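These notes concern the structure reproduced below.
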Amino acid sequence: MNHSLKSWNTFGIDQSANEIVCAENEQQLLNAWQTANAKQQPVLILGEGSNVLFLNAFHGTVIINRIKGIEVTEQPDAWHLHVGAGENWHQLVQHTLQLGMPGLENLALIPGCVGSSPIQNIGAYGVELQRVCDYVDCIELATGTPHRLSAKECRFGYRDSIFKHEYQDRFAIVAVGLRLSKQWQPVLTYGDLTRLDPATVTPQQVFDSVCHMRMTKLPDPKVNGNAGSFFKNPVVTVDVAQALLSEFPHAPHYPQADGSVKLAAGWLIDQCQLKGIGIGGAAVHRQQALVLINADNATSEDVVQLAHLVREKVGEKFNVWLEPEVRFIGQVGEVNAVEIIA
Ligand code: NAP
């Protein structure tokens, strides 16, 4: 049987899967996994499909994680939230602000589910999930055994965590624990936020400003399918950064705590005059070069070819080789995205 994945990935790519199952609780999720496993079918667990590119028909079962629920426990110094993996991230951000619990406002409007947020340690406007993450609850799929990983055990990095490595296939995330400190500290280091006054700013103002920035620069997936930033910002050595800066002194660059330097992938792409360029139905977004969009019934191949072109042009001009942030899914599971677009 072929079931369309078009409405299950925000890119709107029309590929199919053998089975698509929505799981509303842990037992349903385990049952779906075990049924597929008994048939020796591969399984892919998805939240809202906002960070994937399907390359082919998926020859297995896609399980949509829809485990819901938000529990709040108030302590003298912080609010502790236990949130079901299938809750929508942005709705959670709004919900916490409405209840007077700030801390997530910089992460407004990030597409996807709560359960996906630790996988790539979602981040925006100077805040990453790891700042507020207390723990992540998973179940081992083969046995149903629950595991609680502390934030430290999640080994969060730049758009990275243990869930992209050892915990990638054998475990499903079922809930995320967040700790929102009552000592609210606004983070106003990025973009328009730098214009806000730290002495008087409110969480709602930060939220509104982030929403405004995102809505003006980022494409609405309901209008043009996309998966957010298509490429990671390259993190390079000081030597590589200095070589680049000697030729391009205006290149945005952000020194990191570990001595490396982060470059802005969007700027590198823009300098190659690639905004708006298209292949087939895929295009580089005009307002934000880091985002590839499904402009007109794009196929997976259109997106791959466009990503290849962008990587080549940026590599030729700057000798910096971009890597996808979006995860590529082949017939039986995730494949190496760099190899596909190289
Ligand atoms: P931007 O403000 O045009 O800046 C370009 C890049 O420079 C950003 O990606 C950001 O890196 C970095 N940057 C900017 N100001 C910085 C600062 N004060 N300190 C350190 N690094 C700085 O970025 P944008 O594209 O509009 O995105 C704004 C924020 O939303 C960024 O944090 C971005 O990561 C996030 N975002 C993420 C996605 C996604 O799909 N993952 C999509 C859209 C936006 P970082 O990306 O490392 O923060």
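Basis for what follows: all heavy atoms, side chains included, without hydrogens, waters or symmetry-related copies. This one's a predicted model, so the numbers in the text were calculated from it and none came from an experiment. In each ligand, atom 1 is the first atom listed, and ligand 1 is the first ligand listed.
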Nearest neighbour in protein (non-hydrogen) for atom 14 (C) of ligand 1: Tyr254 OH, 3.2 Å
Atom 43 (C) of ligand 1 [closest protein heavy-atom partner, distance rounded to 0.1 Å]: Leu218 CD1, 3.6 Å
Ionic contact status for Glu153 with Arg148, cut-off 4.0 Å: no
Gln120 N/O under 3.5 Å from ligand 1 N/O: no
Ligand-residue contact atoms, ligand 1 with Gln288, heavy atoms, under 4.0 Å: 24 (P), 25 (O), 26 (O)
Option set Ala265, Ser229, Pro255, criterion heavy-atom distance to atom 37 (C) of ligand 1, minimum: Ser229
Part of Val291 with heavy atoms under 4.0 Å of ligand 1, whether side chain, backbone, both or neither: neither
salt_bridge(Lys232, Asp160) N-O dist < 4.0 Å: no
Option set Asp192, Leu188, Asn106, Asn233, criterion heavy-atom distance to atom 8 (C) of ligand 1, minimum: Asn233
Region of Met213 engaging ligand 1 - heavy atom pairs below 4.0 Å: neither
Closest protein heavy atom to atom 47 (O) of ligand 1, given as residue, atom name and distance to 0.1 Å: Lys262 NZ, 2.6 Å
Residue Tyr158 vicinity, atoms of ligand 1 by number, heavy atom under 4.0 Å: 46 (O), 47 (O)
Salt bridge present between Glu166 and Arg155 (N-O < 4.0 angstrom): yes
Aromatic ring proximity, centroids under 6.0 angstrom, His212 and Phe207: no
